[in-house]
There are 2 protein chains.
Amino acid sequence: MTDSPRRRIPEATLSRLPIYLRILGELSDEGTTQLSSDQMAALAGVNAAKVRKDLSYLGTYGTRGVGYDVAFLTYQIQRELGLTHEWPIVVVGAGNLGQALSGYGGFTSRGYPVVAMFDSDLSKVDTVVGGVRVRAIDDLPAVVQSMNVSIGVLATPGAAAQEAADLMVRAGITSILNFAPVVIATPRAVRVRKVDLASELQILSYYEDRRQSANPSADPARTASA
Amino acid sequence: MTDSPRRRIPEATLSRLPIYLRILGELSDEGTTQLSSDQMAALAGVNAAKVRKDLSYLGTYGTRGVGYDVAFLTYQIQRELGLTHEWPIVVVGAGNLGQALSGYGGFTSRGYPVVAMFDSDLSKVDTVVGGVRVRAIDDLPAVVQSMNVSIGVLATPGAAAQEAADLMVRAGITSILNFAPVVIATPRAVRVRKVDLASELQILSYYEDRRQSANPSADPARTASA
DNA sequence: GATTGTGAAAGCGTTCACAGCC
DNA sequence: GGCTGTGAACGCTTTCACAATC
């Protein structure tokens, strides 16, 4: 009776499933119908054992001696990620970054249509960005409820982020993708993922700084980098 | 004689140092001069043992019974991350995302001035975005060399990303922050970090999808989320 | 012969818990 | 008494290596 209705996927694996999914989509577009863990590994920039282990958490969907069926595996990953339907999202903060995120077609094309944008700056309200009208922040609860939105993108300046997050949570948002360069506090039930652009550069410059003392050999071999 | 001139910092720690650094900056602005690992942990959304372990990789910079000196710790983290000077960066791809990244003040203010943008679309060339003129992609090598650029931001569409990355590498770029939704191949010596916006949403929707079967308790306790 | 699926081993990262120092 | 620094324990992730299967 207590058998788990769905296996739990480890975080590390979860973070790679979207990469596999994208590769499968590209292969499908090219007309490829089958691939091995070795091929997937090369395309994803990881090793084959990892690909097999990752996919094994979803179930037994490969065929020994043959490989994986592109269409079937695509379907299984989509199902596992909850991508069988669209997830409407809202963007809070219509500054540079918020505008770019809404204009960037990548969200909509991957099943996350931006249904509304919000800003507290009334001079921005009613402007249209990437086909989406900017609304007053007070309209957030109504939109979240009427359009059944559970995911919000936080793209305000750091100083405004906590207040915006509080509003999002009160409106009923339960997952936040945080681009503001601050750590936000939320109820435990709300899931937050953080993308910190400057941090990424700081990590790169750390390694750049070390290059001086490191080996000066210029290795021309190419490797895939996830 | 073979003592390491600088300790190697684990990746996981490295990814948190920028967060600590930002918090220290905010504390300093408020006039705070001292903090404990407990306080830092609360602000960073991690636990105190992790803060102490992370900082211990840098050296022994705390004082037992007292805590850490904000200014001194700031200096040490900056030194470790190679932030004692500015790192000029270039943005390749002047579409929506590239424009937002250049306009977004966060790079410049944290020591990574955007010194040039590039696009292969000649109709974009010579337009000005966020105070930076867009140049033809052919000018990339000259700019990289004359301005001593080692970090490049890749913000092209997926289909153009590999070619753009090849050009960046040939021009002398040795670290790439990749926003294009594809895995790019580079020589091993070139370091690549990838920010995949749609992947982040896919991870969030996975958990959203599971909420249905999960516990329905609405816990109002607040926790910091990195 | 090819390739998957998976136990077991190895490697990392996190947390505990407490000695050491202020 | 308070707080750091760190060995040791624990848990998660990656990799190995090979039996199972087509």
Side-chain angles (χ1 to χ4, degrees), chain A residues 7-20 23-24 27 32-74 76-77 80 183 203 206 223-226, chain B residues 7-20 23-24 27 32-74 76-77 80 203 206-207 223-226:
Chain A
R7 296 155 294 280
R8 202 195 121 271
I9 311 284
E11 272 283 332
T13 293
L14 200 51
S15 72
R16 285 184 297 267
L17 291 180
I19 301 172
Y20 300 152
I23 291 168
L24 288 168
L27 290 175
T32 306
T33 62
Q34 208 80 21
L35 96 165
S36 67
S37 59
D38 256 323
Q39 294 172 299
M40 176 67 98
L43 293 168
V46 300
N47 79 31
K50 194 183 276 182
V51 170
R52 291 200 299 277
K53 184 69 97 178
D54 283 343
L55 297 181
S56 76
Y57 290 115
L58 305 182
T60 303
Y61 298 141
T63 307
R64 290 166 198 237
V66 179
Y68 301 88
D69 181 83
V70 170
F72 185 58
L73 189 57
T74 299
Q76 293 299 344
I77 296 179
E80 191 64 48
V183 174
I203 294 168
Y206 166 80
T223 0
S225 326
Chain B
R7 296 155 294 280
R8 201 196 123 269
I9 311 285
E11 272 283 331
T13 293
L14 200 50
S15 71
R16 285 184 296 267
L17 292 180
I19 300 172
Y20 301 152
I23 291 169
L24 289 168
L27 290 175
T32 306
T33 61
Q34 207 80 21
L35 95 166
S36 67
S37 59
D38 257 323
Q39 294 172 296
M40 176 67 98
L43 293 168
V46 300
N47 78 32
K50 194 182 274 182
V51 170
R52 292 199 300 276
K53 183 72 93 178
D54 283 343
L55 298 180
S56 77
Y57 291 115
L58 305 180
T60 304
Y61 299 139
T63 309
R64 290 165 198 238
V66 179
Y68 301 88
D69 181 83
V70 170
F72 185 58
L73 189 56
T74 299
Q76 293 300 344
I77 296 180
E80 191 65 48
I203 293 167
Y206 166 80
Y207 289 110
T223 0
S225 327

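So you know, we letter chains A, B, ... as the sequences are listed, proteins then strands, and number each from 1.
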Would you kindly give the CG-to-C1' distance between A:Asp69 and C:dT4, to the nearest whole Å? 15 Å

Nearest non-hydrogen partners of B:Ala44 and B:Ile19, listed with the distance: CB-CG2, 4.1 Å

Can you check whether A:Ser37 has a side-chain N or O nearer than 4.0 Å to OP1 or OP2 of C:dT4? yes

Give a yes/no on whether any side-chain N or O of A:Thr63 is located under 4.0 angstrom from OP1 or OP2 of D:dC22. no

Using atom OH of A:Tyr57 as one end and atom P of D:dC12 as the other, report the distance to the nearest whole Å. 11 Å

Whether B:Arg52 contacts C:dT14 is assessed here as follows: a side-chain N or O lying under 4.0 Å from the phosphate OP1 or OP2. Is that the case? no

For A:Glu11 and C:dC12, give me the distance from atom CD to atom C1', rounded to whole Å. 16 Å

Categorize B:Asp38 for me: base, sugar-phosphate, or nothing, with a 4.0 angstrom heavy-atom threshold over every strand shown. nothing

Expressed in angstrom and rounded to an integer, what is the separation of B:Gln34 atom CD from D:dT4 atom C1'? 12 Å

Please give, in whole Å, the distance from D:dC18 C1' to A:Lys53 NZ? 13 Å

Is there a side-chain polar atom (N or O) of A:Lys50 under 4.0 Å from OP1 or OP2 of D:dT15? yes

Between C:dT6 (C1') and A:Leu58 (CG): distance, integer Å: 15 Å

Would you indicate what B:Thr13 reaches in the nucleic acid, counting non-hydrogen atoms under 4.0 angstrom: base, sugar-phosphate, or nothing? nothing

Can a donor-acceptor pair under 3.5 Å be found between the side-chain atoms of B:Arg64 and the base atoms of D:dT4? yes

